[in-house]
Amino acid sequence: MSGPHVIRGAVSLPEAELTWRFSRSSGPGGQHVNTTDSQVELRFDLARTEALPPVWKERALERLSSRLVGGVISVRSSEHRSQWRNRETALVRMAALLAEATAPPPKPRRPKKIPRGINERRLRNKKARGETKRGRSGGWD
């Protein structure tokens, strides 16, 4: 496969901490399809890993708590017919999932005061539009 998969910055998924499991894909078959183990399940022990900085690890454990089973996160891939391509897909998904889970929280939004001139212009335009519409209902006899 194509080298280490970077989560963010210099942090990447260590190959030694990844566990692979292969099984037969579900769905309609044909010759050869029912005999090959093309579905891939990739597991990563998030609770025990030393590859992630402590802050990232804590953040990921909190955000992915609903997907964790015993501190382990798993990703499945079976959309391709080849096991190799399913492995690539699963690895990319795992890296993306961890990148999203370890991302820093967004900066809090600070409400800003709308300048008085902008508000007055908006109200003038509203009044002018209302006058235009009111002028349309002048009964034509």
Side-chain angles (χ1 to χ4, degrees), residues 1-140:
M1 282 190 272
S2 59
H5 275 273
V6 176
I7 295 174
R8 196 170 58 250
V11 180
S12 61
L13 279 172
E15 191 67 40
E17 293 185 20
L18 299 176
T19 309
W20 299 93
R21 211 175 99 203
F22 308 103
S23 58
R24 293 185 184 158
S25 292
S26 62
Q31 294 174 340
H32 184 64
V33 166
N34 296 332
T35 60
T36 57
D37 293 338
S38 59
Q39 178 174 298
V40 173
E41 182 180 357
L42 175 60
R43 304 174 118 235
F44 180 65
D45 195 343
L46 190 57
R48 292 194 192 137
T49 188
E50 296 297 322
L52 298 176
V55 177
W56 286 21
K57 184 174 167 181
E58 186 179 313
R59 208 180 285 155
L61 284 169
E62 182 184 321
R63 290 180 182 169
L64 297 173
S65 62
S66 62
R67 288 193 62 164
L68 295 175
V69 178
V72 177
I73 185 143
S74 66
V75 172
R76 277 196 177 145
S77 175
S78 63
E79 55 264 7
H80 301 292
R81 288 173 61 179
S82 116
Q83 184 189 100
W84 185 82
R85 286 181 66 193
N86 280 331
R87 284 176 68 135
E88 282 288 317
T89 305
L91 203 50
V92 167
R93 267 194 212 148
M94 179 69 78
L97 187 66
L98 289 172
E100 188 178 327
T102 59
K107 291 181 182 177
R109 184 183 176 277
R110 291 187 0 210
K112 299 212 163 101
K113 190 172 187 295
I114 298 171
R116 198 173 84 207
I118 290 176
N119 208 19
E120 286 174 356
R121 187 176 343 138
R122 180 182 64 85
L123 292 174
R124 264 197 319 269
N125 288 340
K126 271 181 77 130
K127 192 159 283 291
R129 183 80 177 140
E131 289 296 324
T132 303
K133 288 186 170 189
R134 200 171 303 117
R136 291 180 187 157
S137 63
W140 297 86

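Applying the side chain to side chain contact (heavy atoms under 4.5 Å, CB included) criterion to P108, with sequence neighbours excluded, gives no partner residue. By the side-chain hydrogen bond (donor to acceptor under 3.5 Å, both in side chains) test, T49 is found to be paired with E17, residues two or more places apart in sequence or in another chain being considered. Here R21 pairs with E41 under the salt bridge (charged side-chain N to carboxylate O under 4.0 Å, His left out) rule; sequence neighbours left out. E131 is linked by a side-chain hydrogen bond (donor to acceptor under 3.5 Å, both in side chains) to R134, counting only residues two or more places apart in sequence or in another chain. Residues satisfying the side chain to side chain contact (heavy atoms under 4.5 Å, CB included) criterion with D45, sequence neighbours excluded, are A47, R48, V72. Residues satisfying the side chain to side chain contact (heavy atoms under 4.5 Å, CB included) criterion with I118, sequence neighbours excluded, are I114, P115, R121. Remark: R67 pairs with no residue by the side-chain hydrogen bond (donor to acceptor under 3.5 Å, both in side chains) rule, at least two apart or across chains. Every residue meeting the side chain to side chain contact (heavy atoms under 4.5 Å, CB included) condition with E120, not counting sequence neighbours, appears here in chain and number order: R116, R124. For T19, there are no side-chain hydrogen bond (donor to acceptor under 3.5 Å, both in side chains) partners, not counting sequence neighbours.
Among pairs with a residue in residues 54-66, none fulfils side-chain hydrogen bond (donor to acceptor under 3.5 Å, both in side chains), at least two apart in sequence or across chains. The salt bridge (charged side-chain N to carboxylate O under 4.0 Å, His left out) pairs that include a residue from residues 93-105 are E79-R93, where partners are two or more places apart or lie in different chains. Evaluation of the salt bridge (charged side-chain N to carboxylate O under 4.0 Å, His left out) test over residues 104-113, restricted to residues two or more places apart or in two chains, returns none.
The shortest non-hydrogen separation linking L42 to A90 is CD2-O, 3.7 Å. Nearest approach of W20 to R87, heavy atoms of both residues: CH2-O, 3.7 Å. Summarising the geometry of S38 relative to R81, their closest heavy-atom pair is CB-O, 3.5 Å, with the distance given to 0.1 Å.
Taking the side chain as every heavy atom from C-beta outward, Q83 and V40 approach each other to under 4.5 Å.
The CG atom of L64 sits 5.0 Å away from the CG atom of L97 when rounded to the nearest 0.5 Å.
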